[in-house]
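Reviewing the structure listed below.
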Protein chains: 2
Amino acid sequence: MAIRLMAVTDDAHEAADLVRILLEIHPYVDHVQIREKQKPAGLVYQLCMELLEEGLPAHKLWLNDRVDVALLLGLKQVHIPGQGLPLEELKKLYPDLRIGAPVHSLEEAVQAEAAGVAYALYGHCFSTASKKGKSPQPLANLGSIRQNIRIPLYGIGGIDVERLVSLKALELDGVAVMSGIFSAKDPLSAVKKLREECLRLDEIQ
Amino acid sequence: MAIRLMAVTDDAHEAADLVRILLEIHPYVDHVQIREKQKPAGLVYQLCMELLEEGLPAHKLWLNDRVDVALLLGLKQVHIPGQGLPLEELKKLYPDLRIGAPVHSLEEAVQAEAAGVAYALYGHCFSTASKKGKSPQPLANLGSIRQNIRIPLYGIGGIDVERLVSLKALELDGVAVMSGIFSAKDPLSAVKKLREECLRLDEIQ
């Protein structure tokens, strides 16, 4: 199966610009994560509404952090960041909610699976502008994590076309890409190249 | 009836310090609004849990912005800021939720009442450190707002003991105080003085 692709927004675009980009790129990604921490909740709600109305499929849309925005939009997917709402309480109150969660170690990955999360997001995998001065998590950990959890395992952090091959080798199910798409001069072209490489790696495997 | 008192947290205290202050002052206020915009949702959830476990009555606690935190805690009160979640959609999905909302004009106050909000918060009433460089809203508007809405009308912004008398004259139902409590050297003493003045004004009316 080809590596799945999640586009994670970078909180650096105006809402209208972001909507335009997402409407262009969504056919080429499996998931879109709306991670607009600096934007007020009402604006995030509005931009998601617009995306849904303009045809972005609801099942592709993951809300970062703001479960309330997701609930109000009728969305069933959220990504809960490291210091976000408690996963087990969330699953208790909303058993049907699909929750993605970041992990930084085998222990966290096992805990996340036990809490019922839908995917574990490991990172950051490589040095990246959005995590300046912070060392990447060792890729070597991915082997034991892969062996010990059954839920989909995604990687994030500094992922570009060239690095996909090593993540494929580590048997990741997917990758989440932020700067590689949203800092690109041409996000659509960047996404298409990532997608092509995912498909190519799948064929040569 | 005495002017009701809402303590609004200022997002400038460590969680442990904030919990300590709130547990001291809550017997002297009618409402506590948790407005900790810079703190991650998980931390806001935890500190509210602690407040509730330590005896702060749930009916006094209003969550600013984060409806999801309120829902997870089983709280029924939220304050939705200016660019927050859409009031009417919220009331549709959660008819029992009590919602406070800011207003800056008669028009907004009438709209807020029509949307079913529990109180309108007008401000800022006086120059205040947290709204540096911004002119206060004219107090004169409060007369027509008072005449045109039935829901409780609160004032916020630069409110101190001396200014309570004019807000009482304008027939406000309550006041929300941030710096006057949380920037005070002794928040408990500040709250007690505000409370005493509210009671005194009620008696001399």
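Throughout, a chain's letter reflects where its sequence line sits, starting with A, and its residues are numbered from 1.
- For the residue pair A:W62/A:H31, the side-chain donor-acceptor check at 3.5 Å is satisfied.
- Between B:L167 and B:F126 the shortest side-chain heavy-atom distance falls below 4.5 Å.
- For the residue pair B:Y122/B:N141, the side-chain donor-acceptor check at 3.5 Å is satisfied.
- With a 4.5 Å cut-off on non-hydrogen atoms, A:I80 does not touch chain B at all.
- For B:L43, the part sitting under 4.5 Å from any heavy atom of chain A is the backbone (N, CA, C, O) and nothing else.
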What do the steps show when you test A:E24 against A:R20 for salt bridge (Lys or Arg N to Asp or Glu O under 4.0 Å), and what is the final call?
-> CA-CA 6 Å; A:E24 272 183 11; A:R20 185 187 53 74; 3.7 Å; yes
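- With a 4.5 Å cut-off on non-hydrogen atoms, B:V69 touches chain A through its backbone and its side chain both.
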